[in-house]
Structure formats: structure tokens, C-alpha cells
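Convention: sequence-line order gives letters A, B, ...; per-chain numbering from 1. Note that these values count all heavy atoms, side chains included, but never hydrogens, waters or copies made by symmetry.
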Amino acid sequence: MPIPLFIYNTLSRSKEEFKPLIDNHVGLYVCGPTVYGDPHLGHSRPAITFDLLTRFLKHQDYKVRYVRNITDVGHLESDGDEGEDKIAKKAQLEQLEPMEVVHYYTERYHDYMQMLNVNSPSIEPRASGHIIEQQEVINSIIEKGYAYESQGSVYFDVEKYNNDHPYGILSGRKLEDLLSNTRDLDGQSEKRCPADFALWKKAAPEHIMRWPSKWSDGFPGWHLECSAMSKKYLGEQFDIHGGGMDLLFPHHECEIAQSTIDNGKAPANYWMHNNMITIDGQKMGKSLGNFITLEELFAGSHPKLEQAYSPMTIRFFILQAHYRSTLDFSNSALQASEKGLKRLMEAIQNMGNIEASETSNVNIDELKQKCFTALADDLNSPIAISYLFDTVKVINNILAGNNTISNDDLSELKLFMNTVCFDILGLENEFGGSENSGDSKIDDVMQLIIKLRADAKSNKDWGTADKIRDELANIGISIKDGKDGAVWENN
RNA sequence: GGUUCCUUGGCCGAGUGGCUUAGGCACUGGUCUGCAAAACCAGUUACGGCGGUUCGAAUCCGCCAGGAACCUCCA
């Protein structure tokens, strides 16, 4: 019983009901990272957003093929002939082979995404592994008359394209506006029109990454890899294309133009764009150098950080905002997320202690419906989470004896919370405790200590009882007294 | 300069015409506790400014102020 899913489509600038091309199947392509630097907080936004999307789709019984590329070639530092490939530049700097740099940062990216509990995509193609496919797309575009060769490079003819197709449908731009506002970067341009973009670029002699072609020894243009690889793995038309808002123009606009000429039809039906993470109100990014890497975040090793933040705190922080809103980094916001997540996880853990009654005076089904409706409404995770907290209140009230729950409702409650929190939102319980310490010996020892303290308490030996509690707190274990004795928790 | 977008209570962050007291964090009072913590109950603070449309606007329109993204690689 899949519920209708609504997705905000950048193409129409409105929410649309999602209808797959093939029943129960979803083809999803997302622009992945350029692997020439450590993954930072900004990278986690699209990764988590589209991880949420695939998890939700799978829960709704869709079969998903999720393709997320690794860009390891082709992006230029600057327009014009003296542009250096980013990968190559870094390689020269560090005296490493370009592929060595790519390999290192790809692994770093994988490691940190795994820590964030981001599932691996179905296919993770690399631009450098699809040079032939990209050249085929160039051939196709030249054959159809929408590209021209110029001094060993090949450019896409935007003006011609714009005569037959609306260039700018995605970003809402008009070609004449673009032309009137183009900066005069290079007077000796090989392009016929400033808005034209490269499909193949002749490599300068010092350029390390290069491949032979009939046009020149060179490398594929900025936007080509996504057109070539989405076609190869998802077909000429697929369902959803995702990526960061900063890629909307020119990257995705050019991708649409290339694919439209190559295949005679637009590539994706739905375009989804996640917004940026900001810091001090500004986009966190490479260019500004104001990014905080995930390594720094998890270790607390950055001047802007008051403490370390766990991977799940970061994940929860991101999920607490809607993916199309900017999200501003701050210590207080992260700390709030950390505490909220802890409260949520504790409630889930405490579900195991609930005893069912004959009757229920709580409505689990309503909370569940509202929560799933929110997720289906353009992945409104903050609203979904608000219902989870309503459910937390329900759980705690049952445990406090203010509410009762029937056996059936209790089963539904557990299934609901576990499904949404762990399967769909992809959270993990990082807080150890007597329920899931994973080490029964430690737990046995703790039970002994708790018993000793209980004995002290029954003897009104408050000094000993408090000493045990305080000393444990010093080593990061907290004792929580309850009606039915104490439980311990690893902080 | 052009295009697009944003401005919600102490902080974060949802909400797009009429009951959302959204939710989280913080704070205040109470319950529980040997004390505390946790938990529970109750409570406080809001819709950038000015006009307009409407029976009614945080939500639609216009103007103003402030901010952001894109126009060059960027998640």
C-alpha cells in the first residue's frame, strides 16, 4: 500500500505527484563529489537527502537503481586554455599521480559517508572510466549539428540549441540575458558564442590527465560525464535527477541540452535540488574556504567547534531541516540536535520496558499516518520528526503510568518507531546502555555496582551511593534511578 | 548589473488564506527523588517594515529594508 509521493520538481517549480516511468521502479541519478579534497559538512547534505529518498522509496516497495558518480576528471580551474584540471593541479602540488589523489579522496569519501550511515548507491561510476562513452555522446551531438570543433576542442552550440529548444528551462534563465551579462573573460575565445560550453577540451602540454581522440589529446568537458553515465546505466530517460542547488546552472542546464540533442528527448522527469549548508550566513564551500570537514566535526578539531559532534548528531541535524531550505551551522543548533536525538533514542530503547495493558488510550495509527504523510510530502523530514517526538511523549507517558497501551498497539508502536528511525531516516543508536551495551560482561559488572549502590541506599549510606554515582559520571557512565531500580548508560 | 530565493518567538526549525498553542533546544513553576539526574504535567515569548486584495493573511499582490544563491569550479 504505497502512499502517493509528492516531489518538488525544479523544472516546474512546484510539487508534483511522483509517477515512475516503469511501475514500481525508480531510476535515480545524483551528482556526486569531485574527489580532490576531504569530505566536508556540505557534502553530507545531498548524500543524506538522497539516502533518505532511496530509503523511503524502498520502504514503499519501489525497486530503486541509484547512480551517483565520482567526478575524477574534467573540471577546469578557470575558463580558457590555461585552465588546469583540478585533479592534476592537486597532484602536482603533492607530487602524486592523479589517480592516487582520486583513489585517496574517494576512499575518504566512502569512509565518512559510511559513518553517516549513508547507504552506498547501486552504481558509482567514474568519469575517467567512461571516456569512450563520453566521446560517443560528442560524436552524436556533432552528427546532429549542435557542436563544432575549434582548434582541437569541441563546443556545444548553445545558440542553435536555443532556437529549437528552450535553453534555461531548469534555471529560469534566458539566453539573451546570459549573453548581455557575460563577462569578457577571454578575448581570444575559441567559442562562437560566450554561452557555448566545452564537450571536449584539448589538453595543454603540461596537462597530465589526457586521452586520445580524433579531435585532440584532451579530456571531456565539464558537464558531459553525467549525460554519458546516466544514459549508460539508467537509459535515455529516467525518473529523478538530483544534486546540489549550486549545480543547477550551468551544470544541469548543460546536461539537459546535451542529452536532449543526443537522445532526442529530455533526460529526467523530476529534478530535485538540495539547498546549501551555510556558516555565518554564507554558503559553506571550497571556494570560500569556510568549510568544516567531517573529520574535524567528528573530532571537534576546528576553531569554530566547541565540541565534537557524532555522525548521528550531524545526520539528525540535517534531517531536522527540510532539504530545500538553507541550514545554518552553529554550535548551539548542533547541541540542540544532539540532545533531541538522545531523547529520541532513549525513548526507543525504553519501548522494550513497556508492559501492555488490556486497552489503549493512545492512538499510534494516527501518529504513523501523519508521519508517513509528511515524508511523502517532498521528504518533509522535520515534520516527520516532530511526530516522532509526539510519539516519544506517548512512550514516556506509558512508562510513567499516565497512559496504557494494548498488545497490538505496542507491536505497532515498536514497528513504527524502528522502521522510521532506523530504516527510513537511517539513524543509529550511538548511545550505549544496559539494553544494548553489546558487552554482557560490562553489563554484569554494572549490575553489580548498581546493586552495591542500592544496598548503600537502603542503609541510608548516601555518601557511598553518591560517590558511586559521581565517580561513574566522571568516567562517562550515568546512573538513572527509576521506580524499578536504576539503569546505567554509557555517555 | 541580470536571474532566482529568503527574512517566523531566546536559539534552531516547520507551516502557504480561517483550530497548526508544529517539533527540538533553552527557560520558569510543579510532580517524582534521601538529594540530584532522567521522566511527567503546566507555562512564557512570533511571524522584517509599509500599503493593498479579502468577511479573514505569517500564508496572495506591490513597494521598501536586510540577507543569500547562481551568472567561473563548487554538494
Side-chain angles (χ1 to χ4, degrees), chain A residues 13 30-34 36-37 39-50 71 74-80 83 85-86 168 171-174 176-178 180-183 185 195 222 242-251 253 273-278 281-288 291 316-317 320-322 324-328 330-341 343-344 346-347 350 370 374 380-390 392-393 395-397 399-403 457 460-462 465-466 469-470 473 478-483 486-487 489:
Chain A
R13 301 194 179 245
V30 175
C31 292
T34 305
Y36 69 108
H40 62 75
L41 184 56
H43 290 109
S44 58
R45 190 99 194 254
I48 289 172
T49 297
F50 293 104
T71 297
H75 286 230
L76 299 180
E77 283 284 348
S78 60
D79 201 16
D85 191 307
K86 274 188 172 171
S171 57
R173 280 154 215 264
K174 294 198 180 346
E176 55 261 36
D177 293 339
L178 286 168
S180 64
N181 290 306
T182 302
R183 311 172 191 181
L185 289 167
W222 304 281
M245 264 182 192
D246 50 352
L247 299 177
L248 216 156
F249 189 91
H251 184 60
E253 201 71 71
H273 291 94
N274 63 274
N275 215 319
M276 301 293 107
I277 288 178
T278 57
Q282 269 197 319
K283 174 183 166 182
M284 182 181 283
K286 279 246 151 55
S287 321
L288 289 162
F291 58 90
F316 193 61
F317 171 67
Q320 271 189 302
H322 189 258
R324 282 191 289 113
S325 298
T326 55
L327 175 59
D328 199 49
S330 74
N331 280 283
S332 54
L334 247 16
Q335 284 157 8
S337 289
E338 184 179 50
K339 287 180 185 171
L341 177 62
R343 199 159 94 88
L344 180 61
E346 281 178 356
N350 290 336
K370 284 180 171 174
N380 202 326
S381 52
I383 291 290
I385 288 170
S386 80
Y387 289 116
L388 295 182
F389 278 110
D390 286 347
V392 166
K393 209 166 232 182
I395 291 169
N396 288 332
N397 267 313
L399 288 165
N402 299 329
N403 283 330
K457 282 174 74 174
K460 296 203 187 307
D461 181 3
W462 310 127
D466 289 352
R469 185 176 66 197
D470 296 343
S478 54
I479 295 288
K480 292 182 182 179
D481 291 333
K483 277 200 161 55
V487 294
E489 181 177 278

Could you pull out all residues at least two apart from Asp461(A) that satisfy salt bridge (Lys or Arg N to Asp or Glu O under 4.0 Å)? none
Taking ring-ring contact (aromatic ring centres under 6.0 Å, His included) as the test, write out the residues that go with Phe291(A), two or more places apart. His40(A)
Please check the phosphate of A75(B) (OP1 and OP2 only) for any side-chain N or O of Thr34(A) closer than 4.0 Å. yes
For A65(B) and G51(B), measure between their C1' atoms and round to the nearest Å. 15 Å
Side chain Asp466(A) and base G34(B) donor-acceptor under 3.5 Å: yes
In whole angstrom, what separates Tyr387(A)'s OH from U20(B)'s P? 13 Å
Set of residues satisfying side-chain hydrogen bond (donor to acceptor under 3.5 Å, both in side chains) with respect to Gln335(A), sequence neighbours excluded: Glu306(A), Gln307(A), Tyr309(A)
Taking salt bridge (Lys or Arg N to Asp or Glu O under 4.0 Å) as the test, write out the residues that go with Glu338(A), two or more places apart. none
Nearest-Å distance once atom P is located in both A46(B) and C11(B): 12 Å
Strictly below 4.0 Å: does Lys457(A) bring a side-chain N or O up to OP1 or OP2 of C35(B)? no
Need one value for Lys283(A): base, sugar-phosphate or nothing, where a base atom within 4.0 Å counts as base even if backbone is also close, heavy atoms only. base
Within the modelled atom types, does a donor on one side and an acceptor on the other bring the side chain of Arg469(A) and the base of A36(B) under 3.5 Å apart? yes
Suppose we screen for side-chain hydrogen bond (donor to acceptor under 3.5 Å, both in side chains). Which residues come up paired with Asn396(A), at least two apart in sequence or across chains? none
Determine the minimum heavy-atom distance between Leu344(A) and Phe316(A), stating which atoms define it. CD2-CE1, 4.0 Å
Hey, does the side-chain of Arg173(A) have a donor or acceptor N/O within less than 3.5 Å of a partner on the base of C70(B)? yes
Integer angstrom distance from the P of C55(B) to that of A26(B): 46 Å
Base, sugar-phosphate, or nothing: which does Met276(A) touch, judged by heavy atoms less than 4.0 Å apart? base
Could you state the NZ-P distance from Lys174(A) to U3(B), rounded to the nearest angstrom? 10 Å
A69(B), A75(B), C35(B): which one has an atom nearest the side-chain heavy atoms of Leu288(A)? A69(B)
List for me each residue that meets side-chain hydrogen bond (donor to acceptor under 3.5 Å, both in side chains) alongside Ser325(A), sequence neighbours excluded, and say none if there are none. none
Closest-nucleotide mapping onto RNA chain B: is Ile385(A) or Gly42(A) further toward the 5' terminus? I mean the 5' end. Ile385(A)
Under 4.0 Å between a Lys/Arg side-chain N and an Asp/Glu carboxylate O for Asp481(A) and Lys457(A)? yes
Sorted by position of nearest nucleotide on RNA chain B, 5' first, the leading residue of Leu341(A) and Ser171(A) is Ser171(A)
Between U59(B) and A22(B), how far apart are the C1' atoms? Round to whole Å, please. 15 Å
Whole-Å distance, Glu253(A) CD to C73(B) C1', equals 18 Å
Closest approach of Gly172(A) and Arg13(A), non-hydrogen atoms and distance? N-NH2, 3.9 Å
List in chain and number order the residues that pass salt bridge (Lys or Arg N to Asp or Glu O under 4.0 Å) with Arg324(A), two or more places apart in sequence or in another chain; answer none if no residue qualifies. Asp378(A)
When every non-hydrogen atom of Gly244(A) is compared with those of His273(A), the smallest separation belongs to O-CD2, 3.4 Å
Atom pairs, N/O to N/O, protein against nucleotides 38-40 of chain B, distance under 3.5 Å?
| from | atom 1 | to | atom 2 | distance (Å) |
| --- | --- | --- | --- | --- |
| A39(B) | O3' | Asn396(A) | ND2 | 3.0 |
| C40(B) | OP1 | Asn396(A) | ND2 | 2.7 |
| C40(B) | O3' | Asn397(A) | OD1 | 2.7 |
| C40(B) | O3' | Asn397(A) | ND2 | 3.3 |
| C40(B) | O2' | Asn402(A) | ND2 | 2.9 |

Can you list everything that forms a salt bridge (Lys or Arg N to Asp or Glu O under 4.0 Å) with Lys393(A)? Sequence neighbours excluded, please. none
Just the rounded figure in Å: distance from C1' of U4(B) to NE2 of His273(A). 13 Å
Please give, in whole Å, the distance from A75(B) C1' to His43(A) NE2? 6 Å
For G18(B) and C60(B), measure between their P atoms and round to the nearest Å. 11 Å
Measuring only the P atom in each nucleotide, how far is U20(B) from A58(B)? A whole number of Å is fine. 11 Å
Taking the P atom of each, how far is U4(B) from G10(B), in whole Å? 34 Å
Check RNA chain B for consecutive Watson-Crick or G-U pairs with both distances under 3.5 Å and list the runs of at least three as stems. B:1-7 with B:65-71, B:10-12 with B:23-25, B:27-31 with B:39-43, B:48-52 with B:60-64
Under 4.0 Å protein heavy-atom contacts per nucleotide of nucleotides 5-17 of chain B, with B for base, S for backbone only and - for none: ------SSSSS--
In terms of heavy-atom contacts, His322(A) and Asn380(A) come closest through CD2-CA, 3.8 Å
note: Asp246(A), atom CG; C70(B), atom P; distance rounded to Å ~ 6 Å
Would you measure the distance from the C1' atom in A68(B) across to the matching atom in G48(B) and give it in whole Å? 15 Å
Atom NZ of Lys286(A) to atom C1' of C73(B): distance rounded to whole Å? 10 Å
When all nucleic acid strands are considered with a 4.0 Å heavy-atom cut-off, which category describes Ile277(A): base, sugar-phosphate, or nothing? base
Quick one: Lys339(A) NZ to A37(B) C1', roughly how many Å, whole number? 13 Å
Return the set of residues passing side-chain hydrogen bond (donor to acceptor under 3.5 Å, both in side chains) with Thr326(A) (not counting sequence neighbours), or none when no residue passes. none
